[in-house]
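Naming convention: chains lettered A, B, ... in sequence-line order (proteins, then strands); numbering from 1 in each chain.
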There are 2 protein chains.
Amino acid sequence: MPPETTQLLSETFKLLADPTRLAIVFACKEAPRPVGEIAGALDLSQSLVSHHLRLLRAGRLVAAERHGKHVLYRLNDAHIARVLTDMAEHVAEDHEEPHP
Amino acid sequence: MPPETTQLLSETFKLLADPTRLAIVFACKEAPRPVGEIAGALDLSQSLVSHHLRLLRAGRLVAAERHGKHVLYRLNDAHIARVLTDMAEHVAEDHEEPHP
DNA sequence: CCAATATATGAACACGTGTTCAAGTGAACA
DNA sequence: TGTTCACTTGAACACGTGTTCATATATTGG
């Protein structure tokens, strides 16, 4: 495992490591959504959502596409969706240790 | 998507969001390894590795098992391994935009 | 071209967290 | 039993980063 790969990987995980940003990612998981709609749905300022989307786009977790006045954001590829699903399943598993 | 789920998910991703910690996780991906061996392989202090493993264990990303003097650490479940694999594939994809 | 809507950007503040150094447990073997 | 090896824990420092407020860019309609 080369250190530069570890570095890049950790930076990508870092993008999912903030609750607000993660909520934004989930918000455009099913269908591409414009910034304002995401902000409205999550009750966040447009500015904040835009800042986060900028980072997410830089890390290639989401992709943007312009439609008239709106800019639609979507997940970048299937890997991301799978990572989200698998990690969601992980945390969904119950935390119980078997009772001795 | 309930906010508490988003919170928990982001905290889990946060554990993978540090290069050192991520390297430690990868170090015990194939086989369970004692702390000292991980520290040696990655050229980190035992203290630092132990601190990180504590967090990783709290987040149930790794599990510990005592073998005599040594404490062996391994990945907690298959979800984690899959998340690592998928994300590694994601970052491995080339960053090229199609040339217009 | 001007107004209006939608998104992006910049600066600055407040806060969490990775790291180190030092000292504390705990198991094993003589 | 006491010494040594393997690991854990605590305190303290330095640094990155999420958020807000204010301002800038871009695209459509009149």
(request) Could you tell me the separation between the CE atom of A:Met87 and the NE2 atom of B:His79, rounded to the nearest 0.5 Å? (result) 10.5 Å
(request) Considering just the side-chain nitrogens and oxygens of A:His52, establish if one lies under 4.0 Å of OP1 or OP2 belonging to D:dT19. (result) yes
(request) Measure from CG on B:Leu44 to P on C:dT20 and round the result to the nearest Å. (result) 8 Å
(message) Using OP1 and OP2 only, check whether a side-chain N or O of A:Lys14 sits under 4.0 Å from D:dT17.
(response) yes
(request) Sequence neighbours left out, what pairs pass side-chain hydrogen bond (donor to acceptor under 3.5 Å, both in side chains) with at least one residue falling in residues 1-17 of chain B? (result) B:Gln7-B:Glu11
(message) Suppose the criterion is side-chain hydrogen bond (donor to acceptor under 3.5 Å, both in side chains): which pairs have a residue in residues 23-36 of chain A, not counting sequence neighbours?
(response) A:Arg33-A:Glu37
(message) Between P on C:dG10 and CG on A:Leu55, what's the gap in Å once rounded to a whole number?
(response) 13 Å
(request) Please step through side-chain contact (heavy atoms from CB on, under 4.5 Å) for the pair A:Ser47 and A:His51, ending with a clear verdict. (result) CA-CA 6 Å; A:Ser47 172; A:His51 274 298; 3.6 Å; yes
(request) Can you tell me the distance, in whole Å, between the CD atom of A:Glu65 and the C1' atom of D:dT27? (result) 16 Å
(request) Using whole Å, report how far CG of A:Leu56 lies from P of D:dG18. (result) 10 Å
(message) Tell me the closest heavy-atom pair linking B:Ser50 and B:Val35, and the distance in Å.
(response) N-CG1, 4.4 Å
(request) Could you tell me the separation between the CG atom of A:Leu42 and the C1' atom of D:dG18, rounded to a whole number of Å? (result) 16 Å
(message) Within this structure, what is the CG-CG distance for the pair A:Leu61 and A:Leu53, rounded to the nearest 0.5 Å?
(response) 11.0 Å
(request) For A:Leu15 and D:dG16, give me the distance from atom CG to atom C1', rounded to whole Å. (result) 14 Å
(request) Mark up nucleotides 3-12 of chain D, 5' to 3', with B wherever a protein heavy atom is under 4.0 angstrom from a base atom, S wherever such an atom reaches only the sugar-phosphate, and - elsewhere. (result) --SSBBBB--
